[in-house]
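Have a look at the structure below before the remarks.
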Protein chains: 2
Amino acid sequence: MEDRAVSCLIALRRVLSAADHNVRAVAKVTGLSVQQLIVLRIVEDTTEITPMMIARSAGVAPATATALIEKLAQMDYVSRRRSQSDRRRYWVSLTEAGKAALHSAPDPLHQKFSEEFARIPDYEQAMILAALERVANMVSTPGETLPGTDESHVLEVSEALGAETAGPV
Amino acid sequence: MEDRAVSCLIALRRVLSAADHNVRAVAKVTGLSVQQLIVLRIVEDTTEITPMMIARSAGVAPATATALIEKLAQMDYVSRRRSQSDRRRYWVSLTEAGKAALHSAPDPLHQKFSEEFARIPDYEQAMILAALERVANMVSTPGETLPGTDESHVLEVSEALGAETAGPV
DNA sequence: TAAAGAAACTTCATATTTCGAATTAATTAT
DNA sequence: ATAATTAATTCGAAATATGAAGTTTCTTTA
């Protein structure tokens, strides 16, 4: 029934709300703004990413991404490395300080989920995973994939591993 | 395995990302800011709600809630009615214009999900719903329940139905 | 191959948002 | 009564967001 889809969406909204509160709480503890934290997470997920991709992932304008990256770079949480194959671009990556900041605060949602998940029977775990992946496939569109699943830049990953002298931008 | 919990969280992040992009898209179409849209949805869910509860639900500071409500009231998307039982507070509710604005734009995620959900077998629907509700219960904490599930104000609902002269605030 | 076109990022000016702290008003507790 | 709480607001500072215009670097194409 239509009814069940609505129930699903309500549950989804509860999850969404929880995630939102979670990111705000984590941001507060780390001393980062919500957007800064989100960008930091995006960078962590991808290990290396360009400003454009950050803008798309975070859902902000390129100009805003520039400002956010600049701020994070000033805090020494991310570093920038000019791309050699396309010198208009550069790669943003987490510094050690950035990693440390990101993990300085526990992630309540993550922990809570993992903890409770571990306690349920195996077949239920499998069911939940299957359902979540199914739902993810239902709602995620190509344009809004998580940076980690976006492969439009992997052609350049080899470059990231190359031993360039790589001065900061 | 620990591994499976991580897979769940990854799927969850894909869903969250999709939802985030979705709310931004809907906001853009309606001409509302993301937060305004979220507040409007919260108000719709509860039919009547106080600024404090909006702040908690939306995850913003009280001062921010005031500003958001003021803006929405200026647009005539919400109305305010002073509470009689506690005259510091007031009730926020959607106007007809607010309802119209909220539904003027289609919700791609909602539609996409409903459409695909309708196509899958009954037992799978049931499985997905069960899984989603389970996950929602895992991650949502009492403090961050969706307004609709928060019953701390129902004692006052009768008041909302009472025939007070109810001038705007 | 030279010029036009497009893309990535920045800068700038401006508008909006957000929040903390202090404030007012109303309620509740002592 | 008086003190302590609570709900909401005001205000000022800082953060964020964006469009438009500009720079540099690719990419096309004539």
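Chain letters run A, B, ... following the sequence lines, proteins first and then strands; every chain starts at 1.
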Rounded interatomic separation in angstrom, taking CD from Glu70(B) and C1' from dT18(C) = 16 Å

Residue whose closest nucleotide on DNA chain C lies nearer the 5' end, Ser33(B) versus Ile69(A) = Ile69(A)

Of all the choices, dT9(D), dT16(D), dT17(C), which nucleotide is nearest to the side chain of Thr66(B) once you look at every atom?
-> dT9(D)

Tell me: CE of Met53(A) to P of dC9(C), nearest whole Å?
-> 8 Å

What's the CG-P distance between Leu68(B) and dC19(C), to the nearest Å?
-> 9 Å

Output for pair (Thr30(A) OG1, Leu37(A) CG), nearest 0.5 Å, gives 5.5 Å

Given dG20(C), is OP1 or OP2 found less than 4.0 Å from the side-chain N or O atoms of Lys28(A)?
-> yes

Spacing of Arg88(B) atom CZ relative to dA4(D) atom C1', expressed in whole Å = 12 Å

Report yes if a side-chain nitrogen or oxygen of Gln35(A) is closer than 4.0 Å to either non-bridging phosphate oxygen (OP1 or OP2) of dA17(D); otherwise report no.
-> yes

Give the nucleotide from the list dC19(C), dC9(C), dT25(D) with an atom nearest to the side chain of Thr50(A).
-> dC9(C)

Should Arg13(B) and Asp45(A) count as an ion pair when the cut-off is N to O under 4.0 Å?
-> yes

Nearest-nucleotide 5' precedence on DNA chain D, Ala67(A) against Met52(B) | Met52(B)

Show the numbers, then the answer: is there a side-chain hydrogen bond (donor to acceptor under 3.5 Å, both in side chains) between Glu115(A) and His110(A)?
-> CA-CA 8 Å; Glu115(A) 193 180 302; His110(A) 194 297; over 6 Å; no

For the pair made of CZ in Arg82(B) and C1' in dA8(D), what is the distance, rounded to whole Å?
-> 8 Å

Walking DNA chain C from its 5' end, the first of Gly59(B) and Pro62(A) to be reached, judged by nearest nucleotide, is Pro62(A)

For Ala63(B), which contact category applies under a 4.0 Å heavy-atom criterion: base, sugar-phosphate, or nothing?
-> base

Within this structure, what is the CD1-to-C1' distance between Ile49(A) and dC9(C), rounded to whole angstrom?
-> 15 Å

ILVMFWY network linking Leu129(B) to Val6(A), side-chain heavy atoms under 4.5 angstrom | no

Between CZ of Arg87(B) and P of dA8(D) the distance, given in whole Å, is 14 Å

Treat each ILVMFWY residue as a node, draw an edge where side-chain heavy atoms are under 4.5 Å apart, and state whether Met52(A) and Val60(A) are in one component.
-> no

Which nucleotide in dG20(C), dC26(D), dT6(D) has an atom nearest any side-chain atom of Asp86(A) | dC26(D)

dA17(D), dA25(C), dC26(D): which one has an atom nearest the side-chain heavy atoms of Thr64(A)?
-> dA17(D)

Could you tell me whether the phosphate oxygens of dT9(D), OP1 or OP2, come under 4.0 Å of any side-chain nitrogen or oxygen in Tyr90(B)?
-> yes

Distance in angstrom units between Arg56(B) CZ and dT6(D) P, rounded = 10 Å

